[in-house]
Amino acid sequence: MEKAGFPLVKPRFSSFPKITFDVDELHLEEIKSLPWKHPITEWRELGIKHLEIKRGIGRHPVIFIEIGNHNYVIKELGYDVALREVNNYKQMLGKGIHTLIPVGCVAREEAPLQVSTQVGEQYERNIAGHTVTLLVDRVLPDSQLYRRAFTFENRKRIWDAIVDLFVEMHSNGVYWGDASLYNTLIKFIKLDVPFIGKKTQLKAILADAETVEVRYTLSDSMRYADVNFFFESMEWINEDLRSEGILRDEFSTEMDKVYVRENYERLYEVAQRSKAFEQTSSLNMKQVLGTVREAVYLDTLQKHIEEHKWYLSEQKRSEIRFSDASQDWLSNIFIPMCELFKAEGVVDVFPGKTASDLYVEIMTHKYYLSQKKQSDVGMILAMRNYAKQFGTKKPPRGFWQRVSRKMLKILGVREQLLLNVRFNTEV
Ligand SMILES: Nc1ncnc2c1ncn2[C@@H]1O[C@H](COP(=O)(O)OP(=O)(O)O)[C@@H](O)[C@H]1O
Ligand SMILES: [Mg+2]
């Protein structure tokens, strides 16, 4: 009688290794030209051009190579994990989080492994996976980050970048699970945001997303787990520096941890409030304020748009919605003002500030002055007073009159009325 059940399938060994590419179309040709039938650790001998880059401490073989017009980083790891990692990068980039840019995943399947089990001989698939990413260049090397006698002031800038990354991730429901300086690349990035302008900023980039979980929401305990794990990793760095005999103070101290924790808590709260504000206003806060770092800016902006809403409702003789007022303010006031600040060179009077920084600071100054004077002073007077106090360069004669005239065109009747009131009472 015939036996029931499946027979033991003996694979055809001649067809191995089998290579599968799940790679971005743009890079497919270059990636396919690599010697995937061999483990990546053998590629140097096969003549593939390697870049001499020091990698952070980790578990897997990683190579940095140049092929065609691109520099790639290839990490060998389990196939399932590699697929998950590439997918994690894609999802995080979609949420605007600064991570590595994935090129794809490549599988090398070797002949199955024959294993003896209690139920007889079995074949197990034997697949190596590879995460391929674009090389992030001009990363600040470890030697600069930790080895130099870095003052607390210098370290703070690194912690600020790390805190920004944590806030970016956590407020988007992303849990890292392997947060450490070894899995973070730090570099200066030029940000060019519409209406905000160019800004150079120290940025932390998430490198190593095997353990990342992209969730809908993230519990407080998971957020704290990430931060606490990062604190632990600060200890490893101290250990490494000690064991390498680098004689200097610890890279991170209790004071650093307190700094990271306090800033993280504060900026996470601001990010949550910023998100809530985005919902009621339908404004993209990144576009308006860059990354909001102070809750007080949200309060002030709320008040500012309330005023605009009141003004529009008066004009229309009917109550308009906060989100409509916000959109109207964005396109008819904020954007034209920022463009004016750039075109007329107002930004040059305040080196280091973008047009949007200026708008927000003048707006904040307006509320400060108005409170002191017990009545609205308007944006133009606020700007003149702000420039008197904080401007670092003296513009040519007639500069402020010209800028004020142009501002008046944007701000309209209401601002004119405020100016008239001041003119009549104060001059
Ligand atoms: N695209 C990249 N650009 C620059 N450096 C990278 C890139 N990918 C990885 N690295 C470096 O290689 C190290 C090892 O990669 P990682 O994914 O962390 O591997 P492991 O799983 O072994 O920890 C990272 O810590 C980082 O220093
Ligand atoms: Mg790692």
Side-chain angles (χ1 to χ4, degrees), residues 23-24 26-27 30-31 34 39-41 43-44 48-93 97-107 127-147 158 161-162 165-166 169 174-189 202-214 226 229-237 239-241 244 251:
V23 170
D24 189 315
L26 207 71
H27 297 272
E30 274 172 12
I31 297 299
L34 292 161
I40 58 170
T41 44
W43 287 11
R44 198 185 282 272
I48 298 300
K49 185 167 175 195
H50 281 52
L51 301 157
E52 295 317 318
I53 289 168
K54 214 179 144 270
R55 56 157 292 173
I57 292 172
R59 309 174 275 283
H60 301 104
V62 173
I63 58 168
F64 303 85
I65 59 155
E66 183 187 328
I67 180 109
N69 295 323
H70 295 99
N71 296 333
Y72 298 105
V73 181
I74 304 173
K75 165 162 81 168
E76 184 186 303
L77 70 174
Y79 183 48
D80 291 347
V81 192
L83 282 173
R84 189 164 70 224
E85 184 169 41
V86 168
N87 189 36
N88 284 340
Y89 282 132
K90 286 185 187 161
Q91 287 193 61
M92 285 191 283
L93 287 170
I97 300 170
H98 288 77
T99 75
L100 297 184
I101 298 180
V103 167
C105 185
V106 182
I127 314 180
H130 303 83
T131 301
V132 184
T133 52
L134 289 179
L135 176 81
V136 179
D137 60 359
R138 280 175 287 192
V139 168
L140 294 188
D142 292 4
S143 57
Q144 253 187 36
L145 281 182
Y146 327 129
R147 317 268 147 140
I158 298 172
I162 302 267
L165 178 61
F166 273 127
M169 289 171 45
V174 175
Y175 169 72
W176 192 346
D178 198 5
S180 81
L181 272 169
Y182 293 125
N183 288 332
T184 313
L185 304 171
I186 311 251
K187 70 176 287 184
F188 284 101
I189 287 187
L202 201 60
K203 267 278 169 205
I205 298 165
L206 186 154
D208 198 340
E210 288 161 44
T211 49
V212 160
E213 285 176 37
V214 182
D226 259 352
F229 192 85
F230 184 79
F231 286 159
E232 214 175 291
S233 84
M234 286 159 94
E235 293 304 319
W236 311 336
I237 288 183
E239 293 277 319
D240 287 350
L241 293 172
E244 284 177 40
F251 171 66

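Predicted, not measured: the structure shown is a model, and the values here were computed from it. Every number for a ligand or one of its atoms is a count from 1 in the order of the listing. Numbers here simply count residues along the sequence, with the first being 1.
- Distance check for Ser180 against the Mg ion (ligand 2): none of its N/O/S atoms falls below 2.8 Å.
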(request) Take Ile162 and Thr184 through the test side chain to side chain contact (heavy atoms under 4.5 Å, CB included) and record every step on the way to the result. (result) CA-CA 8 Å; Ile162 302 267; Thr184 313; 3.9 Å; yes

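- Note that SG of Cys105 and CG of Leu77 are 7.5 Å apart. Values are rounded to the nearest 0.5 Å.
- Distance from atom 19 (O) of ligand 1 to its nearest protein heavy atom, with residue and atom name: Lys75 CD, 3.4 Å.
- Counting heavy atoms under 4.0 Å from ligand 1, residue Val136 touches it through both backbone and side chain.
- The ligand atoms of ligand 1 that sit less than 4.0 angstrom from a heavy atom of Leu135 are 1 (N), 3 (N), 4 (C).
- Counting the atoms of ligand 1 from 1 in the order shown, those under 4.0 Å from a heavy atom of Glu210 are 21 (O).
- Scanning the protein for heavy atoms near atom 20 (P) of ligand 1, the closest one is Asp208 OD2, 3.5 Å.
- Nearest protein neighbour of atom 15 (O) of ligand 1, counting heavy atoms only, is Val62 CG2, 4.0 Å.
- The shortest contact between atom 27 (O) of ligand 1 and any protein heavy atom is with Gly56 N, 3.1 Å.
- The closest donor-acceptor contact from the side chain of Glu30 to the backbone of Asn69 lies under 3.5 Å.
- Below 3.5 Å of separation, one finds no N or O of Glu85 facing any N or O of ligand 1.
- The backbone N or O of Ala161 sits nowhere less than 3.5 Å from a side-chain atom of Lys203 that would complete a donor-acceptor pair.
- Residue contact check for ligand 1: Lys54 places no non-hydrogen atom closer than 4.0 Å to it.
- Below 4.0 Å from some heavy atom of Arg59 lie the following atoms of ligand 1, by number and element: 20 (P), 22 (O), 23 (O).
- No option in Glu76, Arg55, His50 other than His50 meets the side chain to side chain contact (heavy atoms under 4.5 Å, CB included) test with Ile63.
- For the side chain to side chain donor-acceptor pair (under 3.5 Å) test with Lys75, the passing option among His130, Glu210, His60 is Glu210; the others fail.
- Contact annotation: for Leu100 versus ligand 1, heavy atoms closer than 4.0 Å belong to the side chain alone.
- For Tyr72, the heavy-atom gap to ligand 1 stays at 4.0 angstrom or more.
- Regarding atom 26 (C) of ligand 1, its nearest protein heavy-atom neighbour is Leu185 CD2, 4.0 Å.
- Restricting Asp208 to its N, O or S atoms, the one at the least distance from the Mg ion (ligand 2) is OD2.
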(request) Evaluate side chain to side chain donor-acceptor pair (under 3.5 Å) for His27 paired with Tyr72, printing each intermediate quantity in order. (result) CA-CA 10 Å; His27 297 272; Tyr72 298 105; 2.7 Å; yes

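- Among all non-hydrogen protein atoms, the one lying nearest atom 14 (C) of ligand 1 is Arg55 NH2, 3.4 Å.
- Judged purely by atom type and a 3.5 angstrom limit, Tyr89 has no side-chain atom pairing as donor or acceptor with the backbone of Gly104.
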(request) Please step through salt bridge (charged side-chain N to carboxylate O under 4.0 Å, His left out) for the pair Asp24 and Lys90, ending with a clear verdict. (result) CA-CA 11 Å; Asp24 189 315; Lys90 286 185 187 161; over 6 Å; no

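- Using a distance-only test at 3.5 Å, with no hydrogens or angles considered, a donor-acceptor pair links the side chain of Asn88 to the main chain of Ala209.
- Close contacts between ligand 1 and Leu134 involve ligand atoms 1 (N), 2 (C) [criterion: under 4.0 Å to a heavy atom].
- If you check which protein heavy atom lies closest to atom 11 (C) of ligand 1, you get Phe64 CZ, 3.9 Å.
- In this structure, His98 and Leu206 have side chains that are not in contact, with every pair of non-hydrogen atoms separated by 4.5 Å or more.
- The distance between the ring centers of Phe64 and Trp43 does not fall below 6.0 angstrom.
- Metal site remark for the Mg ion (ligand 2): Asp178 contributes no N, O or S atom at a distance under 2.8 Å.
- For atom 9 (C) of ligand 1, the closest non-hydrogen atom on the protein side is Val73 CG1, 3.8 Å.
- Numbered from 1 in the order shown, with element, the atoms of ligand 1 that lie under 4.0 Å from a heavy atom of Tyr182 read 24 (C), 25 (O).
- Listed for the Ser180 side chain is no donor-acceptor partner under 3.5 Å among the backbone atoms of Phe230.
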